[in-house]
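Counting from 1, the numbers follow the sequence of the chain as shown.
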Amino acid sequence: MSGCELTSSDRPTSDAATVSTDFKRQIEGYGLTTAEILYRMPDHPALLQAFLWQQYDRAPDYPLLRGFLDWWRREIEGVLHSVRVGHKALIGPADFQPVRAQFLLN
C-alpha cells in the first residue's frame, strides 16, 4: 500500500449523523442570535446587571429566546428591565455582482 491510498476508515462517509446539529439548523433558517438582557438585582433594584444569551434561533419570532425569557420570568428573581437582540443568518444566498468590464490578456 502506498502512502497516498485511503483506507476504508479514512474515506469520507455520506452518513447524515456526521452533519452537525448547528449546520442542520442553519439550513432550516436558524441564525446566530445574541440577546443582551438587563435585569434588576433582587437585593438592589436600583442596580442593573447584564446577562448575555446566545443560541441558534429563528428570526423574527425567536421561539427559543421567548422560551428562555418565559423561564426567566418564572424562575429568576431578577426583574427584566430590557432585552436587546442581534441576529445574523450565517447561511444565505450568495452575493452576486455582475461583471461590468472584460479585460483580455495576450
Side-chain angles (χ1 to χ4, degrees):
M1 176 186 255
S2 70
C4 64
E5 292 180 25
L6 294 175
T7 64
S8 61
S9 63
D10 295 331
R11 290 190 185 111
T13 63
S14 62
D15 187 6
T18 60
V19 178
S20 77
T21 332
D22 291 338
F23 181 73
K24 287 179 185 177
R25 281 190 162 178
Q26 290 175 37
I27 294 296
E28 294 169 356
Y30 284 74
L32 188 60
T33 303
T34 304
E36 178 189 44
I37 301 167
L38 294 179
Y39 64 96
R40 298 197 181 276
M41 298 289 290
D43 296 340
H44 304 283
L47 296 178
L48 291 177
Q49 180 74 27
F51 178 82
L52 287 179
W53 178 90
Q54 194 171 56
Q55 189 66 262
Y56 288 102
D57 206 353
R58 289 189 82 152
D61 298 329
Y62 303 109
L64 295 176
L65 176 59
R66 288 180 185 273
F68 176 76
L69 293 175
D70 289 342
W71 172 84
W72 183 293
R73 288 183 191 104
R74 281 190 320 271
E75 303 294 330
I76 305 293
E77 291 181 26
V79 176
L80 294 174
H81 175 270
S82 61
V83 178
R84 195 165 58 163
V85 178
H87 179 84
K88 174 66 177 158
L90 300 177
I91 294 181
D95 292 334
F96 175 76
Q97 293 183 349
V99 175
R100 298 186 192 275
Q102 181 178 2
F103 299 98
L104 298 174
L105 300 174
N106 292 341

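Transitive grouping of hydrophobic side chains (ILVMFWY, heavy atoms separated by less than 4.5 Å) keeps Y39 and V79 in distinct clusters. Both I76 and L69 are members of a single hydrophobic cluster when ILVMFWY side chains are connected at heavy-atom separations under 4.5 Å. Residues M41 and L38 do not share a hydrophobic cluster, defined by chaining ILVMFWY side chains whose heavy atoms lie under 4.5 Å apart. Note: the hydrophobic cluster containing L65 also contains L80 (ILVMFWY, side chain heavy atoms under 4.5 Å, direct or indirect links). In terms of hydrophobic clustering, with Ile, Leu, Val, Met, Phe, Trp and Tyr side chains grouped at heavy-atom distances under 4.5 Å, Y62 and W71 are assigned to a common cluster.
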Under the side-chain contact (heavy atoms from CB on, under 4.5 Å) rule, what do R40 and L47 come out as? Steps first, then yes or no, please.
CA-CA 6 Å; R40 298 197 181 276; L47 296 178; over 6 Å; no
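Counted within 6.0 Å of CD on E77, heavy atoms from surrounding residues, nucleotides or ligands total 12 or fewer; the atom is thus considered open. By the 6.0 Å contact criterion, CZ on R84 is open, its count of non-hydrogen atoms from other residues, nucleotides or ligands being 12 or less. The 12-atom threshold is not exceeded at CZ of F23, counting heavy atoms of other residues, nucleotides or ligands nearer than 6.0 Å.
W72 contributes a side-chain N or O that, together with a main-chain N or O of G78, makes up a donor-acceptor pair within less than 3.5 Å.
Remark: Y30 OH to H87 NE2 distance equals 11.0 Å, nearest 0.5 Å.
D70 and R73 are joined by a salt bridge, as a carboxylate oxygen and a charged side-chain nitrogen come within less than 4.0 angstrom of each other.
If you check the side chains of Q55 and T33, you find no donor sitting under 3.5 Å from an acceptor.
Y56 and L64 make their closest contact through O-CD1, 3.0 Å (heavy atoms, listed as atom of the first residue, atom of the second, distance).
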